[in-house]
Amino acid sequence: MKKMLIAGNWKMNTNSFESEKLAEYICGGLIDKQLKSNVLICPPFTSLMTMNSILKGSPVKLGAQNCHYEPNGAFTGEISVQMLAHLHCEYVIIGHSERRQYFFETDEIVNKKLHSVLQAGMNAIVCIGETIDERQSSKTFDVLSRQLMIGLQNIDASFCKNIVIAYEPVWAIGTGLAATSEQVQEAHFFIKEELLSNLGNDAMEIMVLYGGSMNEKNACELLSLKDVNGGLIGGASLKGDSFLKIIYTSEDVLIQ
Ligand code: PGA
């Protein structure tokens with residue numbers, strides 16, 4: 001049976017009170033469910049501390065949206081992976097296209113962050129994906145290949161079980177226009193092949209999520225694709241009902 005991870009990326013939304021309410025609502029919808037899917041929420045840093053008591057006893061895991069690669073020091077405004085681990089975060093999203101676009105994160109920085117997340121014993125969700133210009137000029141696979149090659153440079157294959165890749169075409173994020181099933185399956189197949197050739201058979205443990213306007217309506221089609229192991233969900237994860245429906249859909253897909 002394939003592994004599935006349904007991850008909510010709340011981005012810069014919800015204050016700590018709103019985060020608590022949303023997390024409580026999601027946990028409430030999962031009570032007494034024996035989930036086969038893994039479920040994760042990634043609230044803003046300011047909400048991480050209070051999440052532990054809410055998520056305790058639920059199947060929902062806690063993740064952060066970013067980190068710095070140094071353990072501590074004079075990096076005003078930054079948060080280290082050690083600080084996140086102390087708050088029982090199990091996952092960190094790295095290399096999201098918004099960080100690449102607005103905060104100038106390069107593949108080299110993504111690689112440093114990946115090393116530091118894995119060394120701290122946490123799981124990393126590494127985001128990759130092409131812009132619309134790159135797709136239209138037939139550079140999609142070159143871009144994915146480069147992002148994987150540099151982003152995962154010098155990572156030991158024994159860490160594969162702690163790595164998740166999120167394929168997020170930049171043009172599909174927050175636009176309401178998800179990639180088509182054909183585009184997603186083709187990209188995921190390519191990513192899995194690249195991972196196998198870069199890291200060997202251990203790479204079969206790496207889940208590849210799709211992200212970009214996934215919602216309760218298109219989730220079934222996207223999650224059913226052979227090489228899709230879940231979703232990284234932005235907008236729809238801020239609506240408790242929509243996020244729960246995507247989780248239930250993932251369960252249905254796994255049972256089929
Ligand atoms: P979206 O965001 O679901 O709102 O498109 C996905 C993401 O950026 O991870």
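Each ligand, and each atom within it, is numbered from 1 in the order the structure gives. Note that the coordinates shown come from a computational prediction; the quantities given were computed from them, not determined experimentally. Side-chain atoms are counted along with the backbone in the values below, which use heavy atoms only and exclude waters and symmetry mates. In this chain, numbering begins with 1 at the start of the sequence shown.
A cation-pi arrangement is present between K33 and Y248 under the rule of less than 6.0 angstrom and at most 45 degrees off the ring axis.
Close to ligand 1: G212, with a non-hydrogen atom less than 4.0 angstrom away. Heavy-atom separations between A236 and ligand 1 are all 4.0 Å or longer.
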- Task: For K139 and E130, run salt bridge (Lys or Arg N to Asp or Glu O under 4.0 Å): C-alpha distance rounded to whole Å, both residues' side-chain angles, the deciding distance at 0.1 Å, then the answer.
- Result: CA-CA 8 Å; K139 290 196 191 119; E130 81 286 359; over 6 Å; no

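Looking at ligand 1, you'll find an N or O of K11 within less than 3.5 Å of one of its N or O atoms. The N/O atoms of G174, backbone and side chain alike, include one that comes under 3.5 Å of an N/O atom in ligand 1.
K161 and N123 form no side-chain donor-acceptor contact under 3.5 Å, judged by distance and modelled atom types alone.
Proximity of N9 to ligand 1, defined as any heavy-atom pair under 4.0 Å, is confined to the side chain (atoms from C-beta onward).
Atoms of ligand 1 found under 4.0 Å from any heavy atom of L232 (numbered from 1 in listed order, with element): 6 (C), 9 (O). Each of the atoms 1 (P), 3 (O), 4 (O) of ligand 1 lies under 4.0 Å from some heavy atom of G235. Close approach of ligand 1 to E168 is summarised as follows: ligand atoms under 4.0 Å from at least one heavy atom of the residue are 6 (C), 7 (C), 8 (O), 9 (O). For ligand 1, the atoms sitting less than 4.0 Å from at least one non-hydrogen atom of H96 are 7 (C), 8 (O), 9 (O), numbered in the order shown with element in parentheses.
For atom 3 (O) of ligand 1, the nearest protein heavy atom (residue, atom name, distance) is G234 N, 2.8 Å.
Heavy-atom neighbours of F75 CZ from other residues, nucleotides or ligands within 6.0 Å: above the threshold of 12.
Classified by interplanar angle (parallel below 30°, tilted 30° to 60°, perpendicular above 60°), the ring pair F141/F190 is tilted.
Residue V208 is tested with V164, V228, L195, D227 for a side-chain contact (heavy atoms from CB on, under 4.5 Å); the sole match is L195.
Annotation: H115 is not in aromatic contact with Y69 [ring centroid separation under 6.0 Å not met].
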